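Accompanying notes for the structure given below.
Model, not experiment: these values are computed from the prediction. When a ligand or atom number is given, it counts from 1 through the structure's own listing order.
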Amino acid sequence: MPIEKKATLLIKNIGQLLTMAGPAPRIGGSMNHLSLVENGGIAVAGEEILAVGKSDQVEGHTELAEGCTVIDARGQVVTPGFIDPHTHPVFSKTREKEFEMRVQGKSYMEIAQSGGGIRSSVRDLRETPKGILEEKTRGRLDRLLSYGTTTIEAKSGYGLSTESEIKQLEIIRDLNLVHPLELVPTFLGAHEVPDEYRDKRNEYIDLIINEMLPAVTKDGLAEFSDIFCEKGVFDIEESRRIQQAALDAGLKLKFHADELESTGGGELAASMDAVSADHLVYISDAGIRAMADAGTAAVLLPGTTFSLGGKQYAPARSMIEAGVPVALSTDCNPGSSYTESLPIVISLAALQMKMTAAEAISAVTVNAAYALDRHDRIGRLTEGFQADIAVWDMTDYRELPYHYGVNLASKVVKKGKVVVSR
Ligand code: NIG
Ligand code: FE
């Protein structure tokens, strides 16, 4: 006879429980469907969700294990733990001087081409001992978690040599083992051409293909391969070549595409069946159609446009109308977007890209899970899914974009354990 599972965690009296039950990804109008339960409750057994429904029914039908944690949400809002599908958290020095240069009128590309930007973070990372790098990264993971985020994608890309790319991916692997935040590793050796290869870029591309990709995949250090496909960085043909080699090596694909200019990166990502293409401020109409047809997720990063002082934001409304699965992310990195807060990204998505609160919440839960190819396990609160949960100090979920710039995550649960409580 099957043994009935007992609850190890019960959350009751939830004012609005956003289960996100239903299709993944959410496209078009379905991005507004939150599968909201009023007066909701959730029971968790170990790392998994056991039951979801009305508070009294969940309470009435589940047996509590000895020592079960019971949380009375007192009418607060509960969502799946947020998922941040695009971050660059492993770096040493911050770059506030560049931020100030931008405030004074220099552009991101001007700063990069004069030796700042990604290449300055590369020089710095190579010199920084692994232990220090790991401690700095850990602080960022703590902050991400405190803002209600329970899973992130984490990229390398500040090493740009085989050894230092591996150094970053090992830090991601090691922190994933000890930190409550779950990390999905992405190899980003094609983030820039490092200083020592500036006049022989083809040799750097060969190095990525012949040395880095085999080294990274041999030890299972990455699940995705990403590239900065942009004018002045890697062009379409170079991007196709590198990403084809990554696919052949068994990695799934992501792209930084059409961020600063329109180059056809969205189309390329779709044609290669990428899991996601990210940024997309300048994506063409053909690119939007290609992504919708391929089911490639668009990870939009309004915090980056904001922090670069840009006027034009990604065309979220056109993408949603065309049926592209839209996700949102912080792009947390020292250059173009230094924030660990998805709630502030939700505010920017509402104000600058005209997304509803419900669409933005779909974009950081079920659709962000889809952008990481993990929508069968996280991003929705349904029976059997991983118990990653955020409790928000508000009575209406629409407060998320509206009450901006403050942290309203009151409890965060990762794999059934309360990891943040405020
Ligand atoms: O996503 N665009 C490329 N990469 C990052 C910026 C990295 C940096 O400036 O250090 C981004 O915006
Ligand atoms: Fe990025």
- Task: Output the list of atoms in ligand 1 that are nearer than 4.0 Å to some heavy atom of Arg95, sorted by atom number.
- Result: 8 (C), 9 (O), 10 (O)
- Query: Any Lys/Arg nitrogen of Glu153 or Lys155 sitting under 4.0 Å from an Asp/Glu carboxylate oxygen of the other?
  - Reply: yes
- Taking the N/O/S atoms of Asp331 one by one, which is nearest to the Fe ion (ligand 2)? OD1
- Message: As a test of reading the structure, name the N/O/S atom of His88 that is nearest the Fe ion (ligand 2).
- Response: NE2
- Test: Arg140 cationic atom under 6.0 Å from Phe91 six-membered ring centre, within 45° of axis: yes
- Sub-4.0 Å atoms of ligand 1 with respect to non-hydrogen atoms of His86: 1 (O)
- Of the non-hydrogen atoms in Val281 and Pro315, which two are nearest, and what is the gap between them? O-CD, 3.7 Å
- Task: Report yes if some N/O of Thr304 lies less than 3.5 Å from some N/O of ligand 1; otherwise report no.
- Result: no
- Query: Nearest protein heavy-atom contact for atom 10 (O) of ligand 1: which residue, which atom, what distance?
  - Reply: Tyr158 OH, 2.6 Å
- Item | ligand 1 atoms in contact with Ile118 (distance to a heavy atom under 4.0 Å) | 7 (C), 8 (C), 9 (O), 10 (O)
- Starting from the Fe ion (ligand 2), look over the N/O/S atoms of His86 and name the nearest one. NE2
- Message: Any heavy-atom pair between the side chains of Ile389 and Pro80 that's under 4.5 Å?
- Response: no
- Query: Taking side chain as C-beta onward, heavy atoms only, is Met272 less than 4.5 Å from Gln244?
  - Reply: yes
- Query: Counting each atom of ligand 1 from 1 as listed, which ones have a heavy atom of Asp331 under 4.0 Å away?
  - Reply: 1 (O), 11 (C), 12 (O)
- Query: Does the cation-pi check pass for Arg201 over Phe234, that is, NZ or CZ under 6.0 Å from the six-membered ring centre and within 45° of its axis?
  - Reply: yes
